[in-house]
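Worth saying up front: this structure is predicted, and the values here are computed from it rather than measured. Both backbone and side-chain heavy atoms feed into the values below; hydrogens, waters and symmetry mates do not.
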Amino acid sequence: MMNISRLKHGMTGHRFVRLAETERAPVRIVIDGTPAEALAGDTLLAALLNNTRDLRASEFGDGRRAGFCLMGACQDCWVWTVDGGRLRACTTVVEEGMHIITRQPEATWPNLA
């Protein structure tokens, strides 16, 4: 249980703080190699921002991102799976055991020679 005095002073270190729907089943995920917990039915964006301060670095160098529209229209919430798959965090529902990377993997190009 989170200490309410920390909430008043904004010291949680997370962007979101869950205030309701706390009785749903826990779902274990991994964010950038760190174990984290979400609740069944959470979007990946909600899970990430309940566990971290921001979502990812901008690929254009203008700082950290935390999602923008929160409904799948703006393309601002892309994250990656450990095997290189790209996910839109605001429309992807968390699944047990997901391993998410918030830093864009290095691009690899096929060897056509």
Side-chain angles (χ1 to χ4, degrees):
M1 188 60 128
M2 184 164 290
N3 181 335
I4 214 67
S5 65
R6 288 180 62 206
L7 293 177
K8 290 179 183 176
H9 296 96
M11 297 175 59
T12 65
H14 307 145
R15 177 74 55 187
F16 288 174
V17 175
R18 187 178 304 277
L19 298 176
E21 298 186 28
T22 58
E23 300 303 317
R24 289 184 277 139
V27 177
R28 289 172 297 282
I29 62 174
V30 177
I31 303 168
D32 293 327
T34 302
E37 191 172 274
L39 296 181
D42 281 353
T43 64
L44 190 50
L45 181 62
L48 286 160
L49 295 178
N50 268 306
N51 285 282
T52 63
R53 183 76 187 137
D54 45 46
L55 182 63
R56 65 179 182 86
S58 171
E59 63 271 25
F60 303 108
D62 62 350
R64 302 295 300 166
R65 310 301 292 171
F68 183 70
C69 73
L70 307 179
M71 63 182 204
C74 74
Q75 309 286 318
D76 195 50
C77 65
W78 290 112
V79 293
W80 298 266
T81 62
V82 291
D83 61 357
R86 191 168 77 153
L87 300 172
R88 189 178 292 170
C90 70
T91 59
T92 302
V93 177
V94 294
E95 296 176 13
E96 182 72 28
M98 282 182 135
H99 285 247
I100 301 303
I101 299 170
T102 63
R103 290 175 301 282
Q104 184 173 4
E106 292 296 320
T108 57
W109 300 97
N111 183 359
L112 301 177

Quiz item: Can you tell me how far CD of Glu95 sits from CG of Asp42, rounded to the nearest 0.5 angstrom?
Solution: 13.0 Å
Quiz item: Among Leu44, Val79, Thr52, whose side-chain contact (heavy atoms from CB on, under 4.5 Å) with Ile31 holds?
Solution: Thr52
Quiz item: If we only count heavy atoms from C-beta on, is the Ile101 to Thr81 side-chain gap below 4.5 Å?
Solution: no
Exercise. Taking all heavy atoms of Ala40 and all of Val27, pick out the closest pair and write down the distance.
Key: N-CG2, 3.5 Å
Quiz item: At their closest point, which heavy atom of Gly41 faces which heavy atom of Arg24, and how far apart are they?
Solution: C-NH1, 3.6 Å
Quiz item: Between the main-chain N or O of Arg28 and the side-chain N or O of Glu96, is there a donor-acceptor pair closer than 3.5 Å?
Solution: yes
Exercise. Is it possible for you to check whether Arg86 lies under 6.0 Å from the centre of the six-membered ring of Trp78, through NZ or CZ, and within 45° of that ring's axis?
Key: yes
Practice problem: Using a 4.5 Å cut-off on heavy atoms from C-beta on, say whether the side chain of Glu23 contacts that of Leu39. | Solution: no
Quiz item: Heavy-atom distance under 4.5 Å between the side chains of Thr92 and Thr43, does that happen here?
Solution: no
Self-check item: Stepwise side chain to side chain contact (heavy atoms under 4.5 Å, CB included) check, Met98 with Val30
Solution: CA-CA 6 Å; Met98 282 182 135; Val30 177; over 6 Å; no
Quiz item: At what distance, to the nearest 0.5 angstrom, does CG of Leu48 lie from SG of Cys90?
Solution: 11.5 Å
